[in-house]
Amino acid sequence: MNDNKLINLVNITKSYDNTVILDDLSLYVRENEFVTLLGPSGCGKTTTLRIIGGFETPDKGQVVFEGKDITKLPPNERQLNTVFQKYALFNHMTIAENIAFGLKIKKKSGDYIKDKIKYALKLVNLDGYENRMPNSLSGGQQQRIAIARAIVNEPKVLLLDEPLGALDLKLRQDMQYELIRLKNELGITFVYVTHDQEEALTMSDTIVVMNQGYIQQIGTPEKIYNEPENAFVADFIGDSNIIAATMVEDRLVNILGANFPCVDDGFGKQKPVDVVIRPEDIDLVKPSEGILTGRVTSLIFKGVHYEMEVMAGGREWLVHSTDLCAVGTEVGIKVDPFDIQIMNKPASEDEQAVVPGE
Amino acid sequence: MVKNFFKRFYIGIILLFLYAPIIILIILSFNKSKSRAKWGGFTLKWYAELFQNDDIMRALYTTLILAFVSALIATIIGTAGAFAINAMKKTPRVIMLGITNIPMLNADIVTGISLMLLFVALRFSLGFTSVLLAHITFNIPYVLLSVMPKLKQLNPNTFEAAQDLGASPFYAFFKVILPDIFPGIISGYFLAFTMSLDDFVITYFTKGPEINTLSTKIYTEVRKGIKPEIYALSTIMFTAILLLLIIANRKSGEKNIPLRK
């Protein structure tokens with residue numbers, strides 16, 4: 001990955017029927033990067049992708065591709081290809097005709113097209129499917145054909161709009177690995193849209209978390225997971241305990257009446273903050289060794305771990321642990337200082353959606 | 001076993017009552033005797049006479065041209081209309097579909113008389129053109145009816161996917177969208193063709209004195225007393241319509257065939 005900004009969205013604003021979908025959004029994608037736009041439905045992620053693809057025109061702002069303004073360029077003149085959520089294969093054409101569609105428009109020779117079809121089908125592990133019709137394939141196979149149809153055109157960027165949304169869990173996981181492999185083999189830039197945080201964490205180089213038309217946080221999967229910038233990100237990415245607390249002084253935070261050492265400083269003294277503690281970062285110890293004490297109120301076996309709820313300091317704490325503590329057990333709660341993530345409190349409900357840097 | 005027998009018996013009875021009149025008609029068309037009560041042996045005489053009757057042949061020609069042209073124009077208007085209606089928001093779409101269904105639900109006689117009154121009011125002389133316009137009018141809803149479901153099934157991303165792959169909107173429409181809904185258009189055309197072929201009442205009121213379609217011709221003949229030629233003609237019409245309907249059904253079912261050589 002180098003630092004070339006391949007796609008640059010500058011101050012994009014878009015609204016439909018007086019509803020603002022995107023508000024002054026700026027974002028860039030580097031060459032060869034796997035960027036995921038992540039957020040709940042209606043957050044503007046698909047609209048952002050459609051603006052990059054040319055299917056929507058922003059009300060304000062610019063789309064810059066390789067240094068050129070392409071805001072007004074129609075989709076058929078952009079060097080990008082899209083994989084749609086519902087495959088959008090051409091049902092009256094064979095698989096080979098589907099894949100050849102873009103190449104025929106570009107007037108490539110018959111031999112070239114034949115080779116490309118073979119190569120693309122091999123790449124998506126569907127050799128020999130040339131003469132099948134789309135309706136005779138399973139959902140996962142159709143999606144792989146849609147990907148093959150897009151990549152034969154050798155786009156600089158592949159846009160993927162929740163391409164795995166319609167597939168079942170097992171297939172989705174297989175396809176995630178397949179997509180990572182494809183990206184590494186082809187060396188092209190991926191812009192991926194999903195509402196599935198696990199998918200985003202697994203595949204991305206960079207995750208852009210969006211909500212209500214605003215970017216909430218941009219960062220690597222590790223950064224987004226471990227150091228969420230606000231309560232929305234913390235809540236959206238994985239399970240978490242988000243607790244109102246007070247920063248007593250640098251490196252010491254008071255959570256529900258107990259002082260926890262932490263690693264953050266610069267928040268000031270006696271400042272109200274939110275803390276995020278991931279359920280797997282909470283250690284359940286003997287009551288005498290814990291910073292807070294509580295009682296286990298529920299226990300669920302989840303396969304990899306147990307999910308427990310512990311009543312302590314007047315609220316429920318979600319805890320994931322491989323050690324079992326029976327319901328009713330008195331336990332102590334301990335958290336390592338670097339597992340406590342401190343976040344500034346939003347001043348109001350609306351500020352849940354803050355523009356980074358503000 | 002017994003249950004199965006009754007099931008078949010029941011269906012057999014229904015089919016018999018439905019088709020008995022037509023079967024009798026077909027049998028009579030091959031009857032050598034002019035009598036309707038007596039079988040005088042097999043003959044193709046009536047068919048031969050039918051094809052020598054200039055009046056009837058002219059009516060057949062008018063009917064076919066009328067069906068062909070009215071179905072073609074109705075298919076073009078109906079398909080374009082289906083696209084427009086499909087693109088509407090929900091409430092206007094429901095209202096539009098309701099309005100376009102009226103010619104189909106309305107009693108033929110009402111449609112026929114009102115069209116005639118309209119033509120007369122507009123000082124439009126009754127003749128081939130007026131019948132053609134009338135047929136186009138009542139054919140459009142049938143085209144809408146068969147094209148709309150195909151449009152609904154269409155993945156909204158298909159058109160965008162084609163453009164994404166480099167197709168101009170024009171190329172994408174003709175290469176991707178139209179072929180995808182083509183079975184619906186074809187079955188709409190055949191349905192309209194059949195309806196036009198079939199119509200008597202509306203044609204009767206809008207045709208004027210100079211021209212006759214088969215159905216109006218038969219009607220005038222019948223008043224003079226039925227000739228066995230008419231049985232032969234009816235048999236041919238029935239067979240033709242049956243064939244058309246089979247083709248139309250085949251066409252709309254064709255999408256389900258997964259493999260293609």
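Below, chains carry the letters A, B, ... as their sequence lines are ordered, and counting in each starts from 1. The structure presented is a predicted model; accordingly, all values stated were derived computationally and were not measured.
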*Asks:* Could you grab the distance from atom CG of A/N91 to atom CD of B/Q153, nearest 0.5 Å is fine?
*Replies:*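 It comes to 9.5 Å.
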*Asks:* Indicate the atoms forming the closest heavy-atom contact of B/G166 with A/N76, along with that distance.
*Replies:*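 Looking at all heavy atoms of both residues, the shortest contact is C-CB, 3.5 Å.
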*Asks:* Are B/D164 and A/T82 linked by a side-chain donor-acceptor pair shorter than 3.5 Å?
*Replies:*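 Present: a donor and an acceptor within the cut-off.
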*Asks:* At a 4.5 Å cut-off on heavy atoms, which part of B/N157 comes close to chain A: side chain, backbone, both, or neither?
*Replies:*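 Both parts, heavy atoms under 4.5 Å.
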*Asks:* Which atoms of A/N153 come close to chain B, meaning under 4.5 Å heavy atom to heavy atom: side chain ones, backbone ones, both, or neither?
*Replies:*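 The side chain, not the backbone.
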*Asks:* Considering residues, nucleotides and ligands other than A/Y16, do more than 12 of their heavy atoms fall under 6.0 Å from its OH?
*Replies:*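 Atom OH in A/Y16 is crowded, with more than 12 foreign heavy atoms closer than 6.0 Å.
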*Asks:* If I measure from the heavy atoms of chain B, does A/R50 come under 4.5 Å with its side chain, its backbone, both, or neither?
*Replies:*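 Contact with chain B involves the side chain of A/R50 alone.
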*Asks:* Relative to chain A, which segment of B/Y171 carries a heavy atom at a distance below 4.5 Å: side chain, backbone, both, or neither?
*Replies:*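 Interface part for B/Y171: side chain.
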*Asks:* Under 6.0 Å from the NZ atom of A/K122, do we count more than 12 heavy atoms belonging to anything else shown?
*Replies:*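 For A/K122, atom NZ is not crowded (no more than 12 foreign heavy atoms under 6.0 Å).
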*Asks:* Between A/P155, A/P74, A/G102, A/A146, which residue shows the highest count of heavy-atom pairs closer than 4.5 Å to chain B?
*Replies:*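 Most heavy-atom pairs under 4.5 Å with chain B: A/G102.
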*Asks:* More than 12 heavy atoms of other residues, nucleotides or ligands under 6.0 Å from CZ of B/F182: yes or no?
*Replies:*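 No.
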*Asks:* Could you look at A/L159 and say if it's the side chain, the backbone, both or neither that has a heavy atom under 4.5 Å from chain B?
*Replies:*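 Contact with chain B involves no heavy atom of A/L159 at all.
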*Asks:* Is the shortest heavy-atom distance from the side chain of A/F84 to the side chain of B/T158 under 4.5 Å?
*Replies:*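 They are not in contact (no side-chain heavy atoms under 4.5 Å apart), so the answer is no.
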*Asks:* List the atom of A/F101, the atom of B/A167, and the distance in Å for their closest heavy-atom pair.
*Replies:*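 Distance-wise, the nearest heavy atoms are CE2-CB, 3.9 Å.
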*Asks:* Side chain from CB out, backbone as N, CA, C, O: work out which of these in B/A172 comes under 4.5 Å of a heavy atom of chain A, or both, or neither.
*Replies:*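 For B/A172, neither part sits under 4.5 Å from chain A.
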*Asks:* Taking side chain as everything from C-beta outward and backbone as N, CA, C, O, which of these in A/L103 sits under 4.5 Å from a heavy atom of chain B? Side chain, backbone, both or neither.
*Replies:*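 Contact with chain B is absent: no heavy atom of A/L103 under 4.5 Å.
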*Asks:* Hey, is NZ on A/K183 packed in by over 12 heavy atoms from elsewhere, all under 6.0 Å?
*Replies:*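 More than 12 heavy atoms, drawn from other residues, nucleotides or ligands, come within 6.0 Å of this atom.
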*Asks:* Using a 3.5 Å distance criterion without hydrogens, assess whether the side chain of A/H92 forms a donor-acceptor pair with backbone atoms of B/K175.
*Replies:*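 Between the backbone of B/K175 and the side chain of A/H92 there is a qualifying donor-acceptor contact (under 3.5 Å).
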*Asks:* Within the distance-only criterion (no hydrogens, no angle test), does the side chain of B/N155 pair as donor or acceptor with the backbone N or O of A/K86 below 3.5 angstrom?
*Replies:*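 Flag set: sc B/N155 to bb A/K86 pair under 3.5 Å.
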*Asks:* What part of A/K106 is in contact with chain B, defined as an atom under 4.5 angstrom from a non-hydrogen atom: side chain, backbone, both or neither?
*Replies:*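 Side chain only.
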*Asks:* So do B/D180 and A/F90 actually touch side chain to side chain, heavy atoms under 4.5 Å?
*Replies:*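 Of all side-chain heavy-atom pairs linking B/D180 with A/F90, none is under 4.5 Å.
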